**Student:** 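My questions will all concern the structure given below.
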Amino acid sequence: MDAVVPQDPIVPPTGLRRRLGLPLLVLYGTGVTVGAGIYVLIGAVAGHAGVHSSWAFALAATVMAFTAASYAELATRYPVSAGEAAYVRAAFESRLLSTAVGSLRLATGVIAAAAVTLGGAGYIRQLIDLPVPFVAVVIVGALGVVAAWGILESVMLAGLLTLIETGGLLWIIVSAVHSGVSFGPALLVPPPLDVGVLSGITFAGLLAFFAFVGFEDLANVVEEAKSPQRNIPWAMALTLLITSLLYVLIAAIAVSAVPPAVLAASPAPLSLVFNAVAHISPATFNMIAIVSTMNTVLAQMTMTARVVYGMAEQGDLPRIAGRVDRRTETPLIATGLVMLAVAALALSFPLERLAEGTSLVTLTIFAVVNLCLLRIRARNVASPTGHVRVPLWIPAIGLVTCMLMIISAFVAP
């Protein structure tokens, strides 16, 4: 069967250097994914799913798994920044649709970074009583400077912070086992076939979805990855596996150590869990939570600047936005624009609204990504590079599950 070559083949530009190997990619992906979601939203998830919270996280991870596989094929077919915009252009040959989806992806990164900035400001204010707007601006400014410094420096710092934030979660797990917390039932006993319970788990899964947002950021640093056709799929798979195991275990321990209603009412729910299983002052864990939120903001800002760069390279934004500085080898103008947008949103909207908006917009983008792969495969579009190939039923199920999650947000009580 003859392959149909797109009229506008997507060839990776050469403005960015390939400096990221598999270990740094996994640390980057894990850091931005673990981020603030599990630290902040475990209480909201417990409020809806109760003792079945681990199943809500498992549901979100399952939805992610199908879409992650679709990303793996598309990111290796088209290893460029602003990947989602490139996938749409390859699938539908529409500059307007490509620009719309790229802009949506850009908005998601900015909204997520703003949400996590507020989460970090909240933890910092538990230690130092400063106005939230001031703390938010300082966070965005300081991390924006790091993001502008260089991709290797940004990812190495993110990798260090990832070890700290992951260590905090492992500390909870080890402490729970050592103190004899019985979390087996919450982990292994399936929920009853009750409409109310299942509805609560489904809606909690939508909230839990925010805790997984981030693995797809790997697709937008693909131009700076060494051997992207090999390393990007492995990085995505390992990131999703590591975060899924951590989240499911932490959720089971949380609802077993602290009543779900108490978790739901707390602004720092994991600090309660840490105190319950480790019997150490929550101030210690608050420091880890601050590190976690800072890591996510840094990773989101780094990724979003690459989306701006990629869209400028593809002609969807003015070329000046994609200009790469010769000294830092990073898109400085793009990074500055992202800093301003994140700060503006963080000063204008509450965390809960930003988190919910991030989940819904990200699910919409994921649905489009799965649809793009189905379209590309149906048209037998040739790829300019060697790539991973997944079974066709994977993007089909990915599209359906994303749509069902979106619908659940509007029909849940």
Side-chain angles (χ1 to χ4, degrees), residues 25-26 29-30 32-34 37-38 45 54-79 83-88 90-92 101 104-105 108 112 190 198 201-220 222 229 231-248 251 358-379 381 383 387-409:
L25 288 169
V26 173
T30 302
V32 69
T33 306
V34 169
I38 190 67
V45 171
S54 61
W55 291 84
F57 280 99
L59 173 62
T62 301
V63 174
M64 280 289 193
F66 294 110
T67 300
S70 294
Y71 263 103
E73 176 166 340
L74 288 168
T76 52
R77 275 181 177 266
Y78 310 107
E84 292 86 355
Y87 310 154
V88 170
F92 299 100
V101 172
L104 202 61
R105 185 68 185 93
T108 304
L198 296 179
I201 292 173
T202 301
F203 186 76
L206 176 67
L207 297 177
F209 191 84
F210 180 79
F212 286 94
V213 169
F215 86 87
E216 75 284 1
D217 291 357
L218 289 166
N220 289 304
V222 67
Q229 277 70 28
N231 287 337
I232 290 296
W234 272 108
M236 287 182 174
L238 290 172
T239 293
L240 188 58
L241 177 63
I242 292 168
T243 54
S244 297
L245 290 174
L246 286 174
Y247 288 174
V248 170
T358 300
S359 294
L360 287 173
V361 175
T362 302
L363 278 166
T364 301
I365 294 173
F366 285 1
V368 171
V369 166
N370 285 296
L371 183 62
C372 286
L373 182 54
L374 290 170
R375 171 75 171 172
I376 288 170
R377 292 281 288 273
R379 295 174 56 225
V381 176
S383 169
H387 61 84
V388 170
R389 188 178 179 88
V390 301
L392 198 58
W393 56 266
I394 286 182
I397 295 179
L399 174 61
V400 171
T401 52
C402 286
M403 294 303 298
L404 289 175
M405 289 286 282
I406 293 171
I407 293 171
S408 73

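Hydrogens, waters and symmetry mates are skipped; everything else that's a heavy atom, side chains included, is used. Note that the structure is a prediction, hence the values are computed from the model and not measured.
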**Student:** For Thr67 and Met64, indicate whether the former's side chain and the latter's backbone hold a donor-acceptor pair under 3.5 Å.
**Tutor:**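 Side chain of Thr67 to backbone of Met64: no pair is present.
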
**Student:** Run Leu74 and Ile376 through side chain to side chain contact (heavy atoms under 4.5 Å, CB included) and show every step you take.
**Tutor:** CA-CA 9 Å; Leu74 288 168; Ile376 288 170; 3.7 Å; yes

**Student:** Distance from Asn370 atom CG to Ile394 atom CD1, nearest 0.5 Å?
**Tutor:**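 The distance works out to 10.0 Å.
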
**Student:** How close do Tyr87 and Val369 get, heavy atom to heavy atom, and via which atoms?
**Tutor:**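 Answer, listing the atom of Tyr87 first, then Val369: CD1-CG2, 4.3 Å.
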
**Student:** Please name all residues satisfying ring pair (Phe, Tyr, Trp, His ring centres under 6.0 Å) with Tyr71, sequence neighbours left out, ordered by chain then number.
**Tutor:**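 Here the qualifying residues are Phe215, Phe366.
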
**Student:** Can you name the closest pair of heavy atoms from Leu363 and Val63 and give their distance?
**Tutor:**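 Heavy-atom minimum between the residues: CD2-CG1, 4.4 Å.
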
**Student:** To the nearest 0.5 Å, what is the distance between OG1 on Thr76 and CG on Asn231?
**Tutor:**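 Here the interatomic distance stands at 12.0 Å.
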
**Student:** Which atom pair, heavy atoms only, marks the closest approach of Phe57 to Ala251?
**Tutor:**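 So the two residues come closest at CD1-CB, 3.5 Å.
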
**Student:** I would like to know whether Cys372 and Phe92 meet side chain to side chain contact (heavy atoms under 4.5 Å, CB included); could you show each step before the answer?
**Tutor:** CA-CA 8 Å; Cys372 286; Phe92 299 100; 3.9 Å; yes

**Student:** Supply the atom-to-atom distance Ser70 OG to Leu371 CG, rounded to the nearest 0.5 angstrom.
**Tutor:**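 The OG atom of Ser70 sits 10.5 Å away from the CG atom of Leu371.
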
**Student:** So, taking the atom named OG1 in Thr364 and the one named CE in Met403, what distance separates them when rounded to the nearest 0.5 Å?
**Tutor:**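 Rounded to the nearest 0.5 Å, the OG1-CE separation comes out at 7.5 Å.
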
**Student:** Could you grab the distance from atom OG1 of Thr239 to atom CZ of Phe212, nearest 0.5 Å is fine?
**Tutor:**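 Atom-to-atom, Thr239:OG1 and Phe212:CZ are 12.0 Å apart.
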
**Student:** For Met236 and Ala75, work out which heavy atoms get closest and say how close.
**Tutor:**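 So the minimum-distance heavy-atom pair works out to CE-CB, 4.4 Å.
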
**Student:** Are any of the side-chain heavy atoms of Val26 and Ile242 separated by less than 4.5 Å?
**Tutor:**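 A side-chain contact under 4.5 Å exists here.
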
**Student:** Check for a donor-acceptor pair, side chain of Thr243 on one end and backbone N or O of Leu240 on the other, with a separation under 3.5 Å.
**Tutor:**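 Side chain of Thr243 to backbone of Leu240, a donor-acceptor pair under 3.5 Å: yes, one is there.
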
**Student:** Test your reading of the model: is there a side-chain donor-acceptor pair from Glu73 to the backbone of Val390, 3.5 Å cut-off?
**Tutor:**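 The answer is yes, because a donor-acceptor pair under 3.5 Å joins these two groups.
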
**Student:** Can you find a pair of side-chain heavy atoms, one from Thr401 and one from Thr62, that are under 4.5 Å apart?
**Tutor:**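 No, too far: nothing below the 4.5 Å cut-off.
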
**Student:** Enter the distance from Leu238:CG to Thr30:OG1 here, rounded to the nearest 0.5 Å.
**Tutor:**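 Rounded to the nearest 0.5 Å, the CG-OG1 separation comes to 8.0 Å.
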
**Student:** Between Leu374 and Pro395, which heavy-atom pair has the shortest distance, and what is it?
**Tutor:**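 Smallest interatomic distance, heavy atoms only, reads CD2-CG, 3.7 Å.
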
**Student:** Whether the side chain of Arg379 engages the backbone of Ala91 through a donor-acceptor N/O pair (distance < 3.5 Å, no angle test) should be reported.
**Tutor:**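 Indeed, once roles are kept as given, a pair shorter than 3.5 Å links the two residues.
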
**Student:** If I compare all heavy atoms of Pro233 with all of Val388, which pair ends up nearest, and what's the gap?
**Tutor:**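 The pair with the smallest heavy-atom distance is CG-CG2, 3.5 Å.
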
